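Predicted model, so just to flag it, every value in this text is computed and none were measured. Residue indices begin at 1 and follow the sequence shown.
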Amino acid sequence: MTVEGNPVLLPTPDRKDTGLRRRAPRVAWASVAGAAAVMIAMIFVSYRLHGQIEGKKAQLKDLETRYSELDTNYRELETSFNQLRYLFSLLPPEPPKGALPPKEALPATGALPANAASKLPSRVYLDIANESQRSKAEITAARLRSAGYIVPRIGGILCVGSLAPKNTQLRYFQRSDEQGTDLPGIIKTLQQSNVDAYPQYVPPKGSAVRPGQFELWFGPGG
C-alpha cells in the first residue's frame with residue numbers, strides 16, 4: 001500500500017508552522033500601523049516646528065522694521081542737530097554779562113592765550129558736500145581720532161550741500177596754527193585716508209576761535 005492510499009502514513013501539519021502563518025499577516029499589519037504612527041508623529045512635529053520657525057521669522061522681521069524706523073529717526077535728528085550747530089556758528093557772540101575781563105586776559109584778536117590753547121588737543125569738524133560722502137568722512141574721522149585729534153561724535157559731520165567749496169579744504173582760523181605741528185600732521189593723516197585737502201586760512205568772524213580748531217570741508221568730488 002502506498003503512502004497516498006494510507007491516511008495514517010500522510011504527514012501531519014506542524015502546529016508551530018500553522019501558528020506562524022496565522023500570525024504573519026497580523027505582524028505585517030502591526031508593522032505598517034507602527035510605521036504610519038511614526039510618520040504621523042514626525043509630520044506633526046515637523047508642522048509644529050515649521051509654525052514656530054515662521055513665528056520667529058515674523059518677530060525678526062518686525063524687529064528689523066522697528067530698527068529701521070529708529071535708525072531713520074536717529075539720522076533725521078542728527079541732521080537737524082548738525083543744521084542747528086551750523087546756524088549757531090553763524091550767530092554773533094553774545095555780549096558778556098557783568099564785568100569785562102582785563103585787557104591782558106585775551107589778545108586783541110579774541111583768541112585764547114597760547115599757553116591755555118596748547119593744553120587742549122586739536123579739534124577737527126568735518127563738513128561734507130553730500131550724503132554719499134558720509135561713509136568716507138566717518139572713516140577719515142576714525143583715522144583722525146586714532147592719530148590723537150578730537151573729532152566730535154555728535155554733530156561732528158555736517159552736510160553743507162551747496163555751501164561746500166569746489167575743492168576739499170582744511171580750514172584753520174588762527175595764524176599761529178601755520179607754525180604748529182597739527183596742521184601738517186592733520187594733512188598727513190588725511191592723505192593716509194586718500195583725502196587730498198589743501199590748507200585754507202579763514203579769519204574768524206566775530207566769535208573767538210581758539211588755536212588748534214580745524215574744519216575739513218569736502219568738495220563735491222572729495
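Side-chain contact between E178 and P199: absent, with no pair of heavy atoms (C-beta onward) separated by less than 4.5 Å. For the pair M42 and M39, the minimum side-chain heavy-atom distance is 4.5 Å or more. In this structure the side chain of L216 reaches within 4.5 angstrom of the side chain of T168, judged on heavy atoms.
Atom OG of residue S132 and atom CZ of residue F218 lie 11.0 Å apart, to the nearest 0.5 angstrom. Atom CG of N194 and atom OG1 of T140 lie 8.5 Å apart (nearest 0.5 Å). Here the NZ atom belonging to K188 is positioned 12.0 Å from the OG1 atom belonging to T181, to the nearest 0.5 angstrom. For the atom pair OH of Y172 and CD of E215, the computed distance is 13.5 Å after rounding to the nearest 0.5 Å. Here I157 contributes atom CD1 and E131 contributes atom CD; the two are 9.5 Å apart, rounded to the nearest 0.5 Å.
No donor-acceptor distance shorter than 3.5 angstrom exists from the side chain of Q213 to the backbone of Q174, with no hydrogens or angles considered.
Hydrophobic cluster membership is shared by L183 and Y201, with clusters built from Ile, Leu, Val, Met, Phe, Trp and Tyr side chains linked at under 4.5 angstrom. The hydrophobic clustering, which links ILVMFWY residues whose side-chain heavy atoms are closer than 4.5 Å, places I139 and L126 apart. A chain of hydrophobic side-chain contacts below 4.5 Å, direct or via other Ile, Leu, Val, Met, Phe, Trp or Tyr residues, connects V151 to I187.
Heavy-atom minimum distance, V124 versus P152: O-CD, 3.5 Å. When all heavy atoms of V202 and R171 are compared, the pair lying nearest together is CG2-CD, 3.8 Å. Looking at every heavy atom in both residues, K136 comes nearest to V195 through CE-CG2, 3.7 Å. Across G148 and P121, no two heavy atoms sit closer than the pair O-CB, 4.5 Å. Here the shortest heavy-atom pairing between Y149 and D182 reads CE2-OD1, 3.6 Å. Nearest heavy-atom pair across A129 and C159 is O-SG, 4.0 Å.
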(request) Just do the side-chain contact (heavy atoms from CB on, under 4.5 Å) check on I53 and K56 with the steps written out, would you? (result) CA-CA 5 Å; I53 292 173; K56 294 296 183 182; 5.7 Å; no
(request) Dump the intermediate steps for ring pair (Phe, Tyr, Trp, His ring centres under 6.0 Å) on Y125 and F214, then the final yes or no. (result) CA-CA 6 Å; Y125 290 94; F214 301 87; over 10 Å; no
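Side chains of Q169 and Y198: a donor-acceptor N/O pair is present below 3.5 angstrom, by distance only.
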